[in-house]
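First up is the structure itself, then whatever we jot down about it.
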Amino acid sequence: MNRNMLNFTVGPVMMDDTLRLENSEQIPYFRTPEFSAIMKENESYLCQFLDAPKDSRMIFMTGSGTASMEAAVMNVFTAQDKVLVVNGGSFGHRFVELCTIHGIPFTEIHLNYGEPLTQKHLDAFNNQGYTGLIMQHHETSTGVLYDLSMVGAFCKKNNIFLLVDAISSFMADPLSMQQDAIGAVIMGSQKAMALPPGLSFICATPKAIQRITSHKVSSLYFNLADYLTNGERGQTPFTPAVGTLLLLHTQLKKIAEQGGVATIIKHTQEIAQYFRDGIKDLPLKNYSVSPSNAVTALTSTTGKSAYDIFTEMKDKYQIYICPNGGELKDLIFRVGHIGYITKQALDTLLAALHDMHKHGAL
Ligand SMILES: *Cc1c(COP(=O)(O)O)cnc(C)c1O
């Protein structure tokens with residue numbers, strides 16, 4: 001496998017040279033005050049970048065993003081809740097599956113692929129005793145970025161606990177837990193944080209902590225109360241992905257030094273804009289009407305299979321773009337704007353797309 005291919009997917013994404021070098025070092029023993037201190041700093045950086053309310057805590061899970069989605073659903077909600085789930089694509093659908101498996105009563109707000117969530121969708125559920133709302137910030141499968149301030153206002157008015165999967169939007173699109181009254185946020189290491197896969201994170205506000213510590217979950221590994229207790233001393237109940245947590249620390253520290261998360265969001269937005277401007281003359285249409293900075297979801301206006309475009313880009317040009325699965329396989333391919341992307345790499349991608357167009361492959 002060629003591990004030096006350009007990678008414009010939505011994760012894992014390209015890492016910068018400093019992180020790649022650090023990634024080759026030995027993994028230290030971790031039940032030490034030194035590692036605990038690093039973890040406490042990781043916690044404080046992440047809470048700061050999320051604009052989390054005072055006394056919020058981070059939960060560090062070793063497991064991909066879905067592990068934290070499942071853990072959050074199991075620990076925050078119970079069979080006594082009544083939850084709304086926004087389902088606008090494959091990640092929204094995952095929450096539907098999780099609520100079903102864990103017996104959380106829910107109503108689905110089903111959106112067509114690419115359709116934004118509107119006030120009208122929410123207004124149908126005012127004053128009906130809902131206690132929770134679960135959604136993505138960015139539905140990565142279709143590239144739709146939802147309006148969290150609209151949802152936050154609805155949840156505040158109805159006293160609803162808002163759980164947001166920001167796995168693909170954190171560090172790519174602005175997010176403020178305090179402004180939008182978000183109860184808990186989920187993140188993952190391999191998206192805009194540009195780290196190896198295997199870690200995910202839950203930011204729990206005091207409201208979330210209250211729910212987590214008062215519920216009893218039937219799970220050992222996914223018992224978040226245990227993570228909160230261990231986290232007080234900068235530790236986790238079980239062996240975490242120690243190496244990746246150290247990379248996380250390097251990354252967060254660097255971001256803080258460069259002016260915080262706003263700087264990296266601005267950079268991502270510029271990359272997205274440069275790409276979108278660069279394909280204006282190609283027979284490709286942006287699939288999402290409210291796109292995230294993290295990704296551009298594209299469909300061929302000449303009806304070419306999106307999956308064939310992905311395959312040709314991989315095999316002929318040694319460039320990864322992101323295919324879609326299921327029903328969207330032939331309709332949409334996605335180009336990610338997250339991770340370590342240089343202007344030179346972007347120009348290479350744009351040249352490859354124009355070359356494909358020249359011989360009728362788009
Ligand atoms: C990538 C992603 C996930 C998690 O996927 P994993 O493969 O479990 O890491 C969840 N939600 C969204 C919105 C994502 O983009």
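Keep in mind that this is a model prediction, so the values were computed, not measured. Note: hydrogens, waters and symmetry copies are ignored here, and every other heavy atom, side chains too, is used. Remember, it's 1-based here, ligands and their atoms both numbered in the order they're listed.
Asp17 and Arg20 are joined by a salt bridge, as a carboxylate oxygen and a charged side-chain nitrogen come within less than 4.0 angstrom of each other.
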Table please: side-chain donor-acceptor pairs of residues 59-68 below 3.5 Å, with sequence neighbours left out.
| unit_1 | atom_1 | unit_2 | atom_2 | d |
| --- | --- | --- | --- | --- |
| Thr62 | OG1 | Ala241 | N | 2.9 |
| Thr66 | OG1 | Arg94 | NH1 | 2.7 |
| Ser68 | OG | Ser200 | OG | 2.7 |

Distance-only donor-acceptor hits, side chain of residues 174-183, under 3.5 Å, sequence neighbours excluded:
| unit_1 | atom_1 | unit_2 | atom_2 | d |
| --- | --- | --- | --- | --- |
| Ser176 | OG | Asp51 | OD2 | 2.7 |
| Ser176 | OG | Gln179 | N | 3.0 |
| Gln178 | NE2 | Asp51 | OD1 | 3.1 |
| Gln178 | NE2 | Ala52 | O | 3.4 |

Side-chain donor-acceptor distances from residues 324-336 under 3.5 Å, at least two apart:
| unit_1 | atom_1 | unit_2 | atom_2 | d |
| --- | --- | --- | --- | --- |
| Asn324 | OD1 | Arg334 | NE | 2.7 |
| Asn324 | ND2 | Ser141 | O | 2.9 |
| Asp330 | OD1 | Ser305 | OG | 2.7 |
| Arg334 | NH1 | Thr140 | O | 2.7 |
| Arg334 | NH2 | Pro323 | O | 3.0 |

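Within 4.0 Å of ligand 1, counting heavy atoms only, the contacting residues are Ser64, Gly65, Thr66, Met69, Phe91, Arg94, Gln136, His138, Thr140, Asp165, Ile167, Ser168, Gln190, Lys191.
Remark: side-chain polar atoms of Glu115 are paired, donor with acceptor, to backbone N or O of Asn112 under 3.5 angstrom.
The cationic group of Lys191 lies under 6.0 Å from the six-membered ring centre of Phe91 and within 45° of the ring axis, placing it in a cation-pi geometry.
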